[in-house]
Number of protein chains: 2
Amino acid sequence: MPRLKGADRRTLILEAAERTILRKGLAAATTRDVTSDLGVAAGLLAHYFTWSALRAAAFSHVIGADIERSVTGRMGEAPETVLADLVDGAFSVEADALWRLWLEATELGLSDALLAEAASAATDRWHESLSGLLARGQSAGAWTCPSPDESSWRIIAILLGLAGLCLIPGSPLSRDAATHHLRIAVRHECGTSA
Amino acid sequence: MPRLKGADRRTLILEAAERTILRKGLAAATTRDVTSDLGVAAGLLAHYFTWSALRAAAFSHVIGADIERSVTGRMGEAPETVLADLVDGAFSVEADALWRLWLEATELGLSDALLAEAASAATDRWHESLSGLLARGQSAGAWTCPSPDESSWRIIAILLGLAGLCLIPGSPLSRDAATHHLRIAVRHECGTSA
DNA sequence: CGCTCAATTGAGCAATCGCTCAACAAAGTC
DNA sequence: GACTTTGTTGAGCGATTGCTCAATTGAGCG
């Protein structure tokens, strides 16, 4: 309701959109969810964003923040610590919403060009940061990873795959089992570690 | 338009639903897509199915047929042949629609109980058939797979993960690269093979 | 033929969606 | 204070969805 400069309003809307997609998912979230989160009229959103563009931007922001929090922002710490935390927290309840966003971005990307681009870019960023971590651990002697670039693709794939399996309600694969499988896969890629 | 016994009509509708979800995906498919595929009035579908139930049944049927075609139905062949074909065809263009169904079933399962149940059951069937194949190759001496049950979970996970990465339009991971990564992951699980 | 009842029709209901637009309100400018 | 610009409102449009239901058709049967 307060009157804001355009840039500030854009920021507020983007943040509200991030909260909304984390709560309801990319597919179920609506423009009205975002505007009612802000306590603002429905028409205001279209003045600043296309829904497709806002949704893609919110996705990019949320994923980027998570990569930063879990990998990129921990350059100073020991690679083995960062990787171990990554494995331990991968399938926690709090991570569910993020995995859901990945799945939905992949699917919606098939009919939404902006989301496809965002998903592609986010995948690149993820691969880059993870392979950077693996390379760092390799040169630090924390583990043996002959090809960080390739290994990170496989680790990302098994992360996504296990996450999808865990997300299914009444899943035959428990969170603990998924973490176990991830740990073994990481061991396959990084020799003895994690 | 022809008048049919209830059971036959149910079968025709189910088959049309399978064609429809393969063509448009689980989320984009509508009841009208199915009835117009059959050249039948829109109201007829609701006389035999709930959309949620029909969609879940069509998903189960499609996935079941694929598992049968690629694994269960090839019990007579050498396990290494079956596994090699599995790897080679995993990320072919024709497989895209099936992987899309998996992704969508996971996501829609979060708000559709019938689809969640179908996805959970399909996952079980898949895990069971793949771990059976791995065990068969193990006892035949085709490879060394100490725990087929666990290995099949990891292989399923990396299959799903790589498939999702390939599905993204403009994906940073090509089909060939995905096949390569899958081959290496399978090698990790089954010793020297595939 | 006449009757019954299941199969089938298709207009349309109620809800939901992103987005439009005329109207209004508050700065900013001179 | 007059005027322009920009932020904001909210009713509502047009399209889409699964599903309803009164009406119609036609096969089976005595």
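So you know, we letter chains A, B, ... as the sequences are listed, proteins then strands, and number each from 1.
Residues B:T11 and B:D8 bring no donor and acceptor atom of their side chains to less than 3.5 Å of each other. The closest side-chain donor-acceptor pair between B:S52 and B:D112 falls under 3.5 angstrom.
For the pair B:L38 CG and C:dG10 C1', the computed distance is 16 Å after rounding to whole Å. At whole-Å resolution of the value, CZ in B:R10 and P in C:dT8 are 13 Å apart. In this structure, A:L26 places its CG atom 16 Å from C1' of C:dC17, rounding to the nearest Å. Between A:R55 atom CZ and C:dG18 atom C1' there is a gap of 11 Å when expressed in whole angstrom units.
Using a cutoff of 4.0 Å between basic side-chain nitrogens and carboxylate oxygens, A:R100 and B:E107 are not scored as salt-bridged.
With sequence neighbours excluded, no residue satisfies ring pair (Phe, Tyr, Trp, His ring centres under 6.0 Å) with B:H180.
Applying the Watson-Crick and G-U wobble criteria (two distances, each under 3.5 Å), C:dA14 pairs with D:dT17.
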Q: Would you sort out whether A:W102 and A:W126 count as a ring pair (Phe, Tyr, Trp, His ring centres under 6.0 Å), showing the intermediate values?
A: CA-CA 12 Å; A:W102 274 108; A:W126 193 8; 5.0 Å; yes
Q: Summarise protein proximity over nucleotides 12-23 of chain D in one line of letters, 5' to 3': B for base, S for sugar-phosphate only, - for none, counting protein heavy atoms closer than 4.0 Å.
A: B----SBBB---
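Nearest heavy atoms, B:I168 versus A:A116: CG2-O, 3.7 Å.
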